[in-house]
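These notes are about the structure you will find just below.
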Amino acid sequence: MSAAIAEESIDCLVVGAGVSGLATALALLDDGREVTVIDAGKVGAGASHGNCGTLTPSHAPPLAGPNTLLRAARWMFTPDAPLYIKPTLDPDTLRWMLGFMQRCNHRDYVASARAKYTLLSDSRQRIQQWVERYALDCEFAETGEDYVFKTRRDMDRELGDVPLLNELGVDVEVVEGKDYEARDPAFKPGLAGAMCFRGDAALRPDRYVAELARVVRERGGRIVEHCALQSLESGAQGVLATTAQGPLRARDVILATGAWSPRIASAVGLPWLRKSIQPGKGYSITYSSPPLAPKRPVILYEPSVCVTAWGSGYRLGSTMEFTGFDDSLNEKRLGALERGAAQFLHHPVGPEVREKWCGWRPMSRDDIPLIGRAPGHPHLWMAVGHGMMGVSMSASTGQLLADMIAGRTPCVDPAPFDPARFA
């Protein structure tokens with residue numbers, strides 16, 4: 001049951017009860033701060049809910065890469081392609097696209113990968129610590145994760161990242177197709193091979209978010225659902241937030257509004273956010289467990305399908321669709337997940353469909369999140385733009401913000417994540 005808000009002054013206000021907001025709330029509570037979290041909807045109802053729940057330092061290389069534009073152009077007229085960009089004349093979207101295109105080069109690719117890895121690696125270990133410290137019941141397991149390939153051409157292209165991954169600290173094992181098939185009988189014969197990342201992990205993301213909410217409440221935090229933020233006024237001493245349930249004056253405010261950030265950009269005094277973040281829609285289907293599932297979470301590379309099996313179920317997910325704030329569930333793209341899995345697996349789907357889902361991921365122009373003080377606003381902080389890595393980066397995002405707000409040495413170098421780069 002959500003608590004009601006009366007007009008009052010509070011210590012910390014976190015806007016957004018997704019994975020980034022709740023992780024930040026927990027880190028602030030650990031610092032002894034008093035925390036109120038508000039959300040326009042329900043806890044964990046955004047992109048945190050339906051992803052595949054992998055914790056992946058191995059996924060440091062960004063979406064914007066040297067080959068991305070060629071692949072996107074080839075798929076532009078294929079609506080169920082793994083990456084689909086709908087043609088548009090919207091000026092904010094076009095400015096975002098131009099900035100994204102400018103990042104599709106080797107130098108920026110390497111710089112983004114290095115920045116993302118620092119956050120992903122720290123968060124991977126920190127989430128495991130939180131699972132143990134707070135007894136988070138979220139099916140966490142040190143599973144590793146694999147990229148599995150049908151074609152040698154695609155595998156050889158991805159192997160080009162191995163030196164960079166090794167330099168970052170990612171443990172990569174390259175396995176030939178027949179050897180991988182012998183390891184995991186869930187796969188059909190005919191694989192080219194696999195890249196196996198032994199340091200990755202997995203959890204059930206909806207359970208993880210629910211457990212973060214439980215711990216936040218148990219530690220004295222307050223979560224208010226169905227309480228939309230309407231505007232912010234920043235001042236030297238704090239921030240006045242106007243919400244659907246009344247005004248709140250907070251010493252510090254943290255925006256963790258995910259893909260909705262562009263929609264509230266002007267109302268919170270950050271109009272440049274409209275051209276800095278765009279919604280990238282992802283899809284997933286959750287089933288009861290099939291008779292035979294992959295032993296580890298896997299990315300089926302050519303169709304870009306992620307497969308995760310938990311004790312409580314089985315999920316196919318992924319795809320990236322830039323169609324603005326269209327929230328329709330495209331059955332063709334859901335079908336592409338099943339067709340892609342069928343190319344690789346003896347039992348690609350489970351006997352019972354439990355949920356079909358789509359959600360907007362907050363994609364920043366450089367595929368690096370915006371974490372830190374909002375430029376020009378001394379008491380307004382940001383935790384947005386995590387793209388496909390929100391769950392993976394959650395604990396480190398929360399700790400980094402808590403460190404910066406407290407004025408102590410941060411857990412990772414904050415410079416690459418400074419929101420001022422887009423202002």
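One is the number of the first residue; the rest follow in order along the sequence.
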One should read off an interatomic distance between Ile38 CD1 and Leu229 CG, to the nearest 0.5 angstrom, of 5.0 Å
Option from Phe187, Phe344, Phe149, Tyr147 for which ring pair (Phe, Tyr, Trp, His ring centres under 6.0 Å) with Tyr180 holds: Phe187
Taking 4.0 angstrom as the limit, do Arg408 and Asp31 come out as a salt bridge? yes
Would you call Asp252-Arg33 a salt bridge at under 4.0 Å N-O? yes
In sequence, state the C-alpha distance, the side-chain angles, and the governing distance for Thr54 and Thr308, and then conclude on side-chain contact (heavy atoms from CB on, under 4.5 Å). CA-CA 8 Å; Thr54 53; Thr308 311; 4.2 Å; yes
Within a strict 4.5 Å, meaning less than it, do heavy atoms of the Ser318 and Val305 side chains meet? no
Within the 3.5 Å criterion, strictly below it, is a donor on Ser112 or Asp367 matched to an acceptor on the partner's side chain? no
Test: Arg263 cationic atom under 6.0 Å from Phe325 six-membered ring centre, within 45° of axis: yes
Is any side-chain heavy atom of Glu331 closer than 4.5 Å to one of Lys356? yes
Does this structure show an ion pair linking Glu233 with Arg249, if we count only N-O contacts that are shorter than 4.0 Å? no
Is any side-chain heavy atom of Leu240 closer than 4.5 Å to one of Pro247? yes
Dump the intermediate steps for side-chain contact (heavy atoms from CB on, under 4.5 Å) on His377 and Val253, then the final yes or no. CA-CA 10 Å; His377 300 268; Val253 172; over 6 Å; no
